[in-house]
Student: 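Let me give you the structure first, and then I'll get to my questions.
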Amino acid sequence: MAFRVLFCSLVVLLVSFLDFATFAPSVAATAEVGTAFYKEAEALLNWKASLDNQNESLLSSWVGDRPCINWVGITCDDLELGVTRLNLSGFGLKGSLYNLNFSSFPNLHTLCLLQNSLYGTIPDSIGDLSKLTHLDFSLNNLSGLLKHLWTLQLLNNSLTGPIPTTIGNLTKLATLHLSYNELSGSIPASIGHLAALSALFLNGNQLSGSIPSTIGSLPMLTNLILNTNKLSGSIPASIGHLAALSTLSLTGNQLSGSIPSTIGNLSMLTYLDLRMNKLSELAYTMEINEKCDVFSFGVLALETIMGKHPGDLISSLSSSTITTCDMLLKDVLDQRLSLPINRVSREVLSIAKIAIACLHTIPQSRPTMQQVSQELSTQKPHFPNTLFTTTLGEVVDLGGSTV
């Protein structure tokens, strides 16, 4: 009997020990998760306290030590992982990122702070976010540049200096949006290493030098937007290798020479803008002929009286659409100036007539430079005195009959 009692006691003791052995790791794991939550909460609250506008209404839900529970802008894909997404877009936050302890968020993969009033440099400690794949700091006043992401959007900030060559190390990057900053220097050749890149927006900066030929090594690229910079040299023939490209904008640079014939290989291209450069006639006709200089004169003359590059008008005239022919000449003249009258009106009409004649789609139908010179020095008593009713179609007819 005593033996049975002793045996039963041993069984009960063994079961209790096994229960404790199972329970102990669970308690430890819970404690570890609780510690992680506390670190994340502490980091977020410290950053909140450092902001210039500590308006409680902005982040009023940030109280306690459980950021995964009803804290605005916070997402936890799994409670055990803690904070995985931080999205405070358009909250009107004002301050810096210096007091945000990034090392407290080991599982953060999305950080979106666009359209606030954040300033200062982006801390190097952001590199502690080893799981980060999506970052958007657009529409702030931040400076500095980052590494290793899939999506990098820093448009409309205060980024200065050259694009680092290490940008080529971001081999998973699909979107690079650095528009409207103050970036300078050349586009690094290493950008050709971004094999996964589908969208490249560098417009609205101060980038100079030539477009690297390595840009043709981006098989996934669909959008290439480089307009409004100071890029020079010729358009690389390698652009014709971008089989997926649908949008190409290079307007507002200092590009020269001719358009490479390889652009004809871009079967997916739906938008092409090469205006406001120093490209030759090939930019419009892809044809070399002995009257390219006359064509260039026509472009320059129209640009002078229009106050802008006439690329769109040239394209419209080439297609001879009814809408374009019915357009009034006065509507394409420089709108910043008052409409000329009398003798000046006739002279403007004469220049427009000669310029359009120089842009004839058939080179043999264009005047020679000698004919242009003679026409410019001739009085125009037969021309109308007003530009209020003269259409482009009538200007084209005048050019064909008198030059």
Student: What's the shortest heavy-atom distance between Val72 and Leu88, and which atoms?
Tutor: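 Reported closest heavy-atom pair: O-CD2, 3.9 Å.
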Student: Okay, side chain of Ser198, backbone of Met220: is any donor-acceptor separation there less than 3.5 Å?
Tutor: no
Student: Sub-3.5 Å donor-acceptor pair from the side chain of Thr251 to the main-chain atoms of Arg275, do we have one?
Tutor: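 At least one qualifying donor-acceptor pair exists.
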Student: Quick one: pull up CG in Asp78 and OG1 in Thr84 and give me the separation to the nearest 0.5 Å.
Tutor: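 So the CG of Asp78 and the OG1 of Thr84 are separated by 8.5 Å.
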Student: For Ser246, check side-chain hydrogen bond (donor to acceptor under 3.5 Å, both in side chains) against everything at least two apart and list the hits.
Tutor: none
Student: Taking all atoms of both residues into account, what is the closest heavy-atom pair of Asn99 and Ser50, and its distance?
Tutor: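 Distance-wise, the nearest heavy atoms are ND2-CB, 3.3 Å.
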Student: Would you please test Val348 and Ile351 for side-chain contact (heavy atoms from CB on, under 4.5 Å) and show each step?
Tutor: CA-CA 5 Å; Val348 170; Ile351 292 172; 5.6 Å; no
Student: How would you list, by chain and number, every residue that makes a side-chain hydrogen bond (donor to acceptor under 3.5 Å, both in side chains) with Asn141, sequence neighbours excluded?
Tutor: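 Ser158.
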Student: With a 4.5 Å heavy-atom cut-off, do Thr247 and Ile225 have their side chains touching?
Tutor: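 Yes, their side chains come closer than 4.5 Å.
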Student: Would the distance check show the side chain of Asn277 and the main-chain N or O of Asn253 forming a donor-acceptor pair, the cut-off being under 3.5 Å?
Tutor: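 Here the side-chain-to-backbone pair exists.
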Student: Would Thr228 and Tyr180 count as having a side-chain donor-acceptor pair, cut-off 3.5 Å?
Tutor: no
Student: I'd like to know if the side chain of Gln374 and the backbone of Gln371 have a donor-acceptor N/O pair within less than 3.5 Å.
Tutor: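 No, the answer is negative, given that no donor and acceptor are paired below the 3.5 Å cut-off.
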Student: Once you round to the nearest 0.5 Å, how far does NE2 of His193 lie from OG1 of Thr165?
Tutor: 10.0 Å
Student: How far apart are the closest heavy atoms of Leu51 and Ser96, and which atoms are they?
Tutor: CD2-O, 4.5 Å
Student: For residues 195-234, which residue pairs qualify under ring-ring contact (aromatic ring centres under 6.0 Å, His included), counting only residues two or more places apart or in two chains?
Tutor: His177-Phe201
Student: Measure the spacing between CG of Leu226 and CG of Leu255 and express it to the nearest 0.5 Å.
Tutor: 9.0 Å
Student: So, taking the atom named CG in Leu339 and the one named NZ in Lys330, what distance separates them when rounded to the nearest 0.5 Å?
Tutor: 7.0 Å
Student: Run the numbers on Asp77 and His109 for side-chain contact (heavy atoms from CB on, under 4.5 Å), then give the verdict.
Tutor: CA-CA 10 Å; Asp77 294 337; His109 60 71; 2.9 Å; yes
Student: With a 3.5 Å distance limit and no angle check, can you tell me whether Asn116 reaches the backbone of Leu114 through a side-chain donor-acceptor pair?
Tutor: yes
Student: Please report the interatomic distance CG(Leu176) to CD1(Ile191), rounded to the nearest 0.5 Å.
Tutor: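 If we round to the nearest 0.5 Å, Leu176:CG and Ile191:CD1 are 5.5 Å apart.
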Student: Taking only residues at least two apart or on different chains, which pairs with a member in residues 69-97 satisfy ring-ring contact (aromatic ring centres under 6.0 Å, His included)?
Tutor: Trp62-Trp71
Student: Grab the two heavy atoms, one from Pro340 and one from Val344, that are nearest each other, plus how far apart they are.
Tutor: CB-CG1, 3.4 Å
Student: At their closest point, which heavy atom of Leu183 faces which heavy atom of Asn205, and how far apart are they?
Tutor: N-OD1, 3.1 Å
Student: Only pairs under 3.5 Å count here: list side-chain donor-acceptor contacts from residues 208-219, not counting sequence neighbours, and write none if there are none.
Tutor:
from   : atom 1 : to     : atom 2 : distance (Å)
Thr214 : OG1    : Ala189 : O      : 2.7
Ser217 : OG     : Thr214 : O      : 3.3

Student: Judged by atom type as modelled, is there a donor-acceptor pair below 3.5 Å linking the side chain of Asn181 to the main-chain atoms of Ser179?
Tutor: yes
Student: Look at the side chain of Lys230 and the backbone N and O of Gln254, then say whether any donor-acceptor pair between them is shorter than 3.5 Å.
Tutor: no
Student: Take Leu97 and Leu113, measure what side-chain contact (heavy atoms from CB on, under 4.5 Å) needs, and give me the verdict at the end.
Tutor: CA-CA 11 Å; Leu97 297 174; Leu113 300 175; 3.9 Å; yes
Student: side-chain contact (heavy atoms from CB on, under 4.5 Å) between Lys353 and Glu375: does it pass, once the steps are laid out?
Tutor: CA-CA 10 Å; Lys353 178 207 69 169; Glu375 184 67 19; 2.4 Å; yes
Student: Kindly indicate whether the side chain of Cys358, heavy atoms from C-beta on, has any atom under 4.5 Å from the side chain of Arg366.
Tutor: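 Not touching, per the 4.5 Å side-chain cut-off.
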Student: Can you confirm whether more than 12 heavy atoms, excluding those of Asp334, are under 6.0 Å from its CG atom?
Tutor: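 Atom CG in Asp334 is packed in, count exceeds 12.
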Student: Could you work out, with disulfide bond (SG atoms under 2.5 Å apart) as the rule, every residue matching Cys112, not counting sequence neighbours?
Tutor: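 Disulfide bond (SG atoms under 2.5 Å apart) list for Cys112, sorted by chain: empty.
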Student: Could you tell me the separation between the CG atom of Leu93 and the CG atom of Asn140, rounded to the nearest 0.5 Å?
Tutor: 9.0 Å
Student: Testing the basics here: between Gly204 and Asn229, what is the closest heavy-atom pair and its distance to 0.1 Å?
Tutor: N-ND2, 4.1 Å
Student: Between the side chain of Asn87 and the main-chain N/O of Ser89, is any donor-acceptor distance below 3.5 Å?
Tutor: yes
